[in-house]
Amino acid sequence: MLKSLNIVHSKYNENIANEPGQVDVFPASRIPKNLHHLVKPLSRPSSSGLRGNFREKGFRIITEPSTVSAVLQWTSDDEIMGYKSYVDYALNSNMASSPDVVSSFLVELSNTVRPKAVEEFESMRDFKRRKNGRQDLQLEPWDEAFFTRSMKSSAYNLDFSVVASYFSLSQCIEGLKVLVESLFGMNFVDIPLAPGESWHPDVLKMALHHPDEGDLGYIYLDLNSRVGKYPGCAHFAIRGGCRVSKTEYQLPVIALVCNFSKSHNSTAVRLNHSDVDTLFHEFGHALHSLLSRTDYQHFSGTRVAFDMAETPSNLFEYYAWDYRVLKKFARHYSTGDIIPEKLVESMQGAKKMFAATEMQQQILYALADQTLYGDQTLSPIDTTSVIADLKEHHTNWKHVEGTHWQTRFSHLLYYGAGYYSYLYAKCFASTIWERICKDDPLSLETGTAIRKKFLQHGGAKDPAQLLNDLAGDGITRYQNGGIVPDITSLCNELNLRK
């Protein structure tokens, strides 16, 4: 074991030495003259507005230890990266391009949904008062989850255990197969695992196969929960696709990991519909990886601008809610009956209840993420006060003293300064569904458009151009020097405007 660790340790250090990173610094005056021998001169077109061939001079710093150490010791400029804050740095390569653009988008969306959210809040408060027979009761933050579920169940007579009876895990996997066959004319083919290939006996392996193009990629499905396993649901790119030669393409390999578990009185895994939604979401990421055909691995699949990465996954969530799709695979685990259309209509209606309240919650998350990664002084900040202030201005719920929600919001780490991308994706996906998929979601024509105009390009093409090529003009808007999504389709779909 010790020998193996030493080999891995040596290889790790070797990789760092062989492939150091780099930072480009402009203008050249930021680097002291006594360091010029350590850095590489470069230039770029001037952004000063001067005409002609004027180029701005700068330097490229190779980030290997001795160079970095010298630069940090001798450079007095504490903004050498050229950004005021981490959020400025993180957004520079995204469609949004700057925190001002993201902030204006989030505030616009917040103002749009506020009247409807107030109406939903008041209806929930009145429901609580009727239920308890007291007209002086006020809503508390801990009431939201309970009364949201109660009111949805009451309005649509929904029994969530009945819904789950139509979504056995095996049937949901069949649903994924239905999607690729109908949309892309492809099949998932079971592949036997080689000895030692799998990390657990529950893992399944399939090839995505096209009758004319052959195998297009490979997917591992690891969907059952177990002790010690990664706790969330996620798509992992094991190997990205890339062009090896004129005649050979390196096929992508991905893993789709979830944690679905059996109920106490069941021998089979049956999913709540929220789990089905999650499965289809992650499958959207998987298809992005499997169907991309980029020359370079760096641009393969989900390696796109951060604020477009969640668009395919949000688009495929729609397939988990459409009756035309569900009737193809959602069958009762014991009778085999197809899920009733009226039940799906009730599920859809319940989904739209409190949509504005739920949207406010997402806006709060995104604003908190932007603010906490934004301009900071050197002195510590009270993050709880920041959250309380945002909650007061952008939701109808008050902050509860002694609570520190931000300390358990893991997306602040995984999506630092990028959580807004979920809201971008909801808007983009809604527009794509409305314009491309809604009339005939399972047609080969629909799938071909999604594949050829969007998924196959990965991150090798400008994201705004991809969106416009697929859905047409108007899916994006230019605002304050960056790109934001049009919110019309999403607001109409969820009745977010009062």
Side-chain angles (χ1 to χ4, degrees), residues 106-164 272-277 317 320-321 323 340-368 384-406 408-409 422-423 426-427 430 487-498:
L106 294 174
V107 170
E108 176 193 7
L109 192 57
S110 178
N111 292 336
T112 299
V113 305
R114 177 177 290 279
K116 185 66 181 294
V118 169
E119 182 181 276
E120 293 175 356
F121 183 88
E122 291 173 348
S123 71
M124 196 182 302
R125 181 200 60 202
D126 294 343
F127 183 86
K128 178 181 180 179
R129 289 174 175 177
R130 289 195 303 273
K131 189 174 181 68
N132 291 277
R134 288 179 53 187
Q135 293 302 305
D136 61 332
L137 289 178
Q138 299 299 320
L139 276 179
E140 302 294 343
W142 50 86
D143 287 332
E144 182 180 2
F146 176 79
F147 285 110
T148 296
R149 182 197 58 80
S150 297
M151 292 179 71
K152 288 184 176 185
S153 297
S154 176
Y156 291 97
N157 194 29
L158 271 179
D159 184 331
F160 295 105
S161 65
V162 171
V163 174
N272 297 317
H273 191 261
S274 61
D275 291 330
V276 181
D277 189 68
E317 287 182 28
W321 289 92
Y323 182 70
E341 187 170 5
K342 286 186 177 180
L343 177 58
V344 176
E345 289 172 353
S346 294
M347 292 159 54
Q348 293 167 342
K351 178 188 178 183
K352 293 181 180 180
M353 282 187 74
F354 304 110
T357 300
E358 292 168 9
M359 184 62 67
Q360 278 192 331
Q361 192 72 36
Q362 293 300 309
I363 293 168
L364 171 66
Y365 293 165
L367 285 168
T384 301
S385 295
V386 170
I387 301 301
D389 182 65
L390 289 171
K391 196 168 189 178
E392 178 184 353
H393 285 88
H394 296 281
T395 79
N396 299 303
W397 303 90
K398 62 186 178 183
H399 173 69
V400 180
E401 291 298 328
T403 62
H404 313 282
W405 159 82
Q406 72 280 8
R408 56 184 176 83
F409 186 51
Y422 276 107
L423 289 170
K426 285 183 181 296
C427 294
S430 181
I487 66 175
T488 304
S489 292
L490 185 64
C491 289
N492 291 341
E493 172 198 333
L494 297 177
N495 302 318
L496 293 175
R497 291 188 173 97
K498 184 175 177 181

S.K.: If you apply the rule side chain to side chain contact (heavy atoms under 4.5 Å, CB included), what do you find for M359 with L490, and how did you get there?
M.R.: CA-CA 11 Å; M359 184 62 67; L490 185 64; 3.7 Å; yes
S.K.: Any donor-acceptor pair under 3.5 Å linking the side chain of S154 with the backbone of S150?
M.R.: no
S.K.: With rounding to the nearest 0.5 angstrom, report the CG to CD1 distance, L390 to I363.
M.R.: 11.5 Å
S.K.: Going from CH2 on W405 to NZ on K391, what distance comes out if it is rounded to the nearest 0.5 angstrom?
M.R.: 9.0 Å
S.K.: Measure the shortest side-chain to side-chain distance between L158 and L343 over non-hydrogen atoms and say whether it is less than 4.5 angstrom.
M.R.: yes
S.K.: Given the rule in the side chain to side chain contact (heavy atoms under 4.5 Å, CB included) test, do I487 and L496 qualify, once you have shown the distances and angles that lead to the verdict?
M.R.: CA-CA 10 Å; I487 66 175; L496 293 175; over 6 Å; no
S.K.: Whether the side chain of T112 engages the backbone of E108 through a donor-acceptor N/O pair (distance < 3.5 Å, no angle test) should be reported.
M.R.: yes
S.K.: Rounded to the nearest 0.5 Å, what's the gap from NE2 on H394 to CG on L364? Could you check?
M.R.: 8.5 Å
S.K.: Do you know the tightest heavy-atom contact between R149 and F160?
M.R.: CG-CE1, 4.1 Å
S.K.: Kindly state each residue pair satisfying side-chain hydrogen bond (donor to acceptor under 3.5 Å, both in side chains) with at least one member in residues 133-143, sequence neighbours excluded.
M.R.: K128-D143, R134-D136, E140-K398
S.K.: How many angstroms lie between NZ in K131 and CG in L137, if you round to the nearest 0.5 Å?
M.R.: 12.5 Å
S.K.: May I have all residue pairs that pass side-chain hydrogen bond (donor to acceptor under 3.5 Å, both in side chains) and include part of residues 349-359, sequence neighbours excluded?
M.R.: E120-T357, K152-E358
S.K.: Could you check E144 against Q361 for side chain to side chain contact (heavy atoms under 4.5 Å, CB included), going step by step and ending with a plain yes or no?
M.R.: CA-CA 11 Å; E144 182 180 2; Q361 192 72 36; 4.3 Å; yes
S.K.: Should we say atom CG of D159 is surrounded by more than 12 heavy atoms from elsewhere, each under 6.0 Å from it?
M.R.: yes
S.K.: Write down the atom of P141, the atom of W397, and the distance for their closest heavy-atom approach.
M.R.: CA-CE3, 3.6 Å
S.K.: Identify the residue among N396, V118, L109 that makes a side-chain contact (heavy atoms from CB on, under 4.5 Å) with Q360.
M.R.: N396
S.K.: Examine distances only and state if a side-chain atom of H273 and a backbone atom of A320 form a donor-acceptor pair shorter than 3.5 Å.
M.R.: yes
S.K.: Might you point out which heavy atoms bring S123 and M151 nearest each other, and give the distance in Å?
M.R.: O-CE, 3.8 Å
S.K.: Below 30° counts as parallel, above 60° as perpendicular, anything between as tilted: where do the rings of Y365 and F409 land?
M.R.: tilted
S.K.: Please name all residues satisfying ring pair (Phe, Tyr, Trp, His ring centres under 6.0 Å) with H399, sequence neighbours left out, ordered by chain then number.
M.R.: none
S.K.: If every non-hydrogen atom of A117 is compared with every non-hydrogen atom of A356, which pair is closest and at what distance?
M.R.: N-CB, 3.6 Å
S.K.: Measure from the side-chain N and O atoms of R125 to the backbone N and O of L139, and report whether any donor-acceptor pair falls under 3.5 Å.
M.R.: no
S.K.: What are the two closest non-hydrogen atoms of V344 and W321, and how far apart are they?
M.R.: CG1-O, 3.8 Å
S.K.: Nearest 0.5 Å, please: how far is OG in S110 from CD in Q362?
M.R.: 13.0 Å
S.K.: To the closest 0.5 Å, what do you measure between OH (Y156) and CD (E345)?
M.R.: 10.5 Å
